[in-house]
Amino acid sequence: MALKNLVVAANRLPIRQTYDAHGNLVWTTSPGGLASALTPVMEKAEQVTWVGWPGQNVSGKLKPFRAQEIDLIPIEMSAIEHENHYEGMSNGTLWPLYHDKVVSAVFHRHWYDGYSKINQRFAAEIAEVIDEDSTVWVNDYQLQLVPALLRSRAPKASIGFFLHTPFPPAELFCQLPWRVELLEGLLGCDLVGMQTPASARNFIDTLETLGLGASDGEVFHHKGGTTQIKAFPIGIDVAKYANAAKSAATEKRSQEIRSLLGNPKFVLLGVDRLDYTKGIEIRLRAFRELLADSEIDPAQVSMVQVAVPSRNNVKAYERIKSEVEQSVGNINGTFSTVGRSAVEYLNQDQDFEELMGLYRAADAMLVTPFKDGMNLVAMEYAATRFDNSGSLILSEFAGAAHICDGAQLVNPYSIDEIKAAILHAIRMDPIEQKTRMEILRNSVEAHDVNIWADSFIETLQSKP
Ligand code: G6P
């Protein structure tokens with residue numbers, strides 16, 4: 001695969017500006033795994049440029065610069081632009097709409113106007129650095145107008161878009177007042193990648209419902225040309241997690257964690273962004289009922305819930321945070337003893353080493369989102385179980401459910417199903433447990449992220 005000039009566009013740059021303890025602006029790794037997912041293709045490209053938001057709203061000060069062998073082009077936003085584009089249209093309108101309206105989607109014209117303005121800013125910067133040999137990879141729901149804006153300026157460039165979230169059924173998407181604009185934005189692409197075949201079908205179905213063209217298998221014909229639409233389920237860098245899991249430092253930390261928890265017989269773990277799509281509150285209810293019914297003994301079973309802070313300024317996130325925290329307080333008030341909490345709750349980001357220790361310390365991992373594009377946490381946990389220990393309880397509505405054979409699949413809305421799956425994990429026959437984990441690890445390995453990135457770019461380059 002020869003890649004001359006690769007331009008990545010994503011809402012965030014791979015590094016972001018944050019304030020350190022002394023109030024100085026410093027660069028740190030951005031949240032999310034996009035940079036590591038794209039590393040294999042970035043390494044194969046002669047030149048890589050990444051266009052994105054630098055993480056702070058300090059408009060007009062940052063010039064393009066080079067870091068980690070990538071040319072970085074910061075797209076700055078004022079506080080109000082950030083509010084309209086990111087908190088508003090991206091995370092108040094599109095995020096809930098694309099996750100089956102777990103909470104209501106809010107439609108505001110000024111949010112859309114802000115979104116459109118920021119998308120134009122991205123397109124204008126990208127247009128400056130591309131020619132007809134360039135390959136442009138646009139990522140995610142924050143930038144859906146960018147492809148068509150670019151197409152009008154660079155008719156021959158290869159333009160691909162990957163949606164990291166689900167794409168909703170037509171009847172939901174069609175509620176969006178700007179549905180045609182967003183779809184036509186994506187039709188500027190040669191290739192649109194989705195996480196699952198179901199999302200790819202929803203997308204084609206929506207295009208046809210609105211009469212924007214006609215499909216011929218995975219190729220969609222529209223007035224401006226053709227766009228291929230295909231599922232490319234993302235994966236993780238399996239070797240990175242498997243190797244880290246085997247290190248002496250991880251082994252030591254995982255034993256420390258178990259001993260800090262009071263050496264319980266069984267440790268349940270949840271690791272999520274604190275998002276209302278993740279089903280954390282139902283999971284806690286299931287755990288609470290099991291304790292209340294004496295089905296499990298808080299002296300024998302501990303639960304650790306990591307809830308990484310996210311999108312704090314969006315109303316629905318404030319609400320889910322207080323709901324989860326009330327529930328944790330209630331469980332601990334009722335079932336903890338001095339020095340021993342029934343639920344250990346961490347509303348903080350965890351570094352890679354700590355995450356490895358937690359994964360290795362956990363006998364079962366609970367991943368129960370109401371809706372999720374993929375969910376990489378489920379795969380990360382599996383990749384750390386090199387000895388085939390542990391088990392995974394996984395929502396049937398996560399994209400990962402199509403990949404993670406061997407997991408116990410549950411309906412994340414069913415408290416009873418989650419309770420039964422927890423009990424089954426605790427009481428599982430060792431042969432069933434090992435067999436399931438071996439199957440799970442093999443399926444996660446078969447979807448390594450290197451395969452994902454390569455196959456997306458190869459498909460994009462092999463356009464007719
Ligand atoms: C998650 C989603 C991505 C999304 C990202 C944005 O990782 O799966 O689809 O792009 O969040 O996170 P942010 O912190 O930038 O809102």
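We count ligands from 1, going down the list as the structure has it; atoms in each ligand are counted the same way.
Counting heavy atoms closer than 4.0 Å to ligand 1, residue Phe162 contributes nothing at all. Neither the backbone nor the side chain of Met374 has a heavy atom within less than 4.0 Å of ligand 1.
Nearest protein neighbour of atom 7 (O) of ligand 1, counting heavy atoms only, is Arg273 NE, 4.4 Å. If you check which protein heavy atom lies closest to atom 8 (O) of ligand 1, you get Trp95 CH2, 4.2 Å. For atom 12 (O) of ligand 1, the closest non-hydrogen atom of the protein is Arg311 NH2, 3.4 Å. Protein heavy atom closest to atom 3 (C) of ligand 1, with residue, atom name and distance, is Asp140 OD2, 3.2 Å. Atom 14 (O) of ligand 1 has as its closest protein heavy atom Arg12 NH2, 3.1 Å.
Taking the ring centroids of Tyr86 and Trp111, they lie at or beyond the 6.0 Å cut-off. For Phe162 and His164, the ring centers are positioned less than 6.0 Å apart.
Of all atoms in ligand 1, numbered sequentially from 1 with element shown, those under 4.0 Å from a heavy atom of His164 are 9 (O).
The shortest N or O to N or O distance between Tyr86 and ligand 1 is under 3.5 Å. Of the N or O atoms in Thr165, none lie within a sub-3.5 Å distance of an N or O in ligand 1.
Arg441 contributes no side-chain N or O that, together with a main-chain N or O of Val444, makes up a donor-acceptor pair within less than 3.5 Å. At least one donor-acceptor pair closer than 3.5 Å links the side chain of Gln195 to the backbone N or O of Ile234. Formation of a donor-acceptor pair under 3.5 Å by the Glu81 side chain with backbone atoms of Ser78 is found in this model. The main-chain N or O of Asn202 is found under 3.5 Å from a side-chain atom of Thr206 such that the two form a donor-acceptor pair. Not one N or O on the side chain of Arg253 forms a donor-acceptor pair closer than 3.5 Å with the backbone of Leu358.
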